[in-house]
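Before any comments, here is the structure.
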Amino acid sequence: MHDETLLRTTNVKQVFPYRSRHNSSDFTWSELQRLNAGEWFLQRNPFGTGGSLTDAERREVMQQRIPSLEEVVMACKENNISILFDLRQPQSGHPYNESFVNVTVHTILNTSIPQDLILWLPDDEREEVIEMAPGFKQIYGRRREQNDTDSLDAVNLSYINMSVSEIRSYRQDNISVNLFVVNKPWLFSHVWCAGATSVTTNAFHLLKDLKQPIWLMVSKFSMTKIF
């Protein structure tokens, strides 16, 4: 759950009208399970893909619920898909306010997912996480620094702050580079050619079928104007 509230992607306003603007971590698991997390997708059709769904797929979407962490990790395990973790500390008073990192790591480990499928971004208690799960791939949300004591294997950074030469410098040193948030095919093509390892996107439906970078761009989108 990336949003701080449940308003955008569930029917919380109908089920809990007086708590609809509360932080999502204020709800118990049994309360979260009462919410529908699929109707909004069909109603708003955010990617313009609703028309391509079959009747059976629409029924499946209409029945979607918020998955547990264990369910998400198990789905990644079954399909051999990597998953990137970026955690936020629960609000003061939450039962996991102090232990949220440990709870998360133990839940992951209990699924027996191959540890190299876990991409770990949070700086909180990073050394403890490395000790508990040495196979997690450690990703850093910062640039490398001169005389850096951390051995950076991967970084997760905004494309806005990364030049082509900097991306290539990281890759030459065998450091993986994930850039966010890349939603346009032309921008995906640009960072692809620059050497980025991967991107974070909200437009998977637009980028997933690109087999090669888009080379032809109109003049108003020239790189000299954008970068």
(message) Between Thr104 and Phe100 (side chain of the first, backbone of the second, donor and acceptor by atom type, cut-off under 3.5 Å), is there such a pair?
(response) yes
(request) Would you mind checking if Asp173 and Arg144 are paired as a salt bridge, meaning a charged N to carboxylate O distance below 4.0 Å? (result) yes
(request) State whether the side chain of Asn110 and the backbone N or O of His106 hold a donor-acceptor pair below 3.5 Å, judged by distance alone. (result) yes
(request) Mark yes or no for whether His94, through its side chain, and Ser25, through its backbone, hold a donor-acceptor pair below 3.5 Å. (result) yes
(request) May I ask whether Phe180 and Leu207 are part of the same hydrophobic cluster, defined by side-chain heavy atoms of I, L, V, M, F, W, Y residues being less than 4.5 angstrom apart, directly or through others? (result) no
(request) Please say which of Arg34, His22, Arg21 ends up in a side chain to side chain contact (heavy atoms under 4.5 Å, CB included) with Phe16. (result) Arg34
Indicate every side-chain donor-acceptor pair of residues 129-138 with a distance under 3.5 Å to a residue at least two apart or in another chain.
residue	atom	partner	partner atom	Å
Gln138	OE1	Arg126	NH1	2.6

(message) Donor-acceptor pair, distance only, cut-off 3.5 Å: does the side chain of Ser189 make one with the backbone of Ile214?
(response) yes
(message) Main chain of Glu60, side chain of Gln64: is a donor-acceptor contact present, judged purely on distance under 3.5 Å?
(response) yes
(request) Determine, using the 4.5 Å side-chain heavy-atom cutoff (strictly less than), whether Trp120 and Leu84 are members of one ILVMFWY cluster. (result) no
(request) Tell me, please, which residues at least two apart from Thr201 pass side chain to side chain donor-acceptor pair (under 3.5 Å). (result) Asn183
(message) Quick one: does any side-chain atom of Gln89 pair with a main-chain N or O of Glu98 as donor and acceptor, under 3.5 Å?
(response) no
(request) List for me each residue that meets side chain to side chain donor-acceptor pair (under 3.5 Å) alongside Asp124, sequence neighbours excluded, and say none if there are none. (result) none
(message) Under the rule for side chain to side chain donor-acceptor pair (under 3.5 Å), what residues qualify as partners of Asn156, not counting sequence neighbours?
(response) Asn178
(request) Not counting sequence neighbours, list each pair that qualifies as a side-chain hydrogen bond (donor to acceptor under 3.5 Å, both in side chains) and has a residue in residues 4-13. (result) Asp3-Arg8
Atom pairs and distances, donor-acceptor, side-chain atoms in residues 70-83, under 3.5 Å, two or more places apart:
residue	atom	partner	partner atom	Å
Glu71	OE1	Ser68	N	2.8
Lys77	NZ	Thr111	O	2.9
Asn79	ND2	Ala75	O	2.8

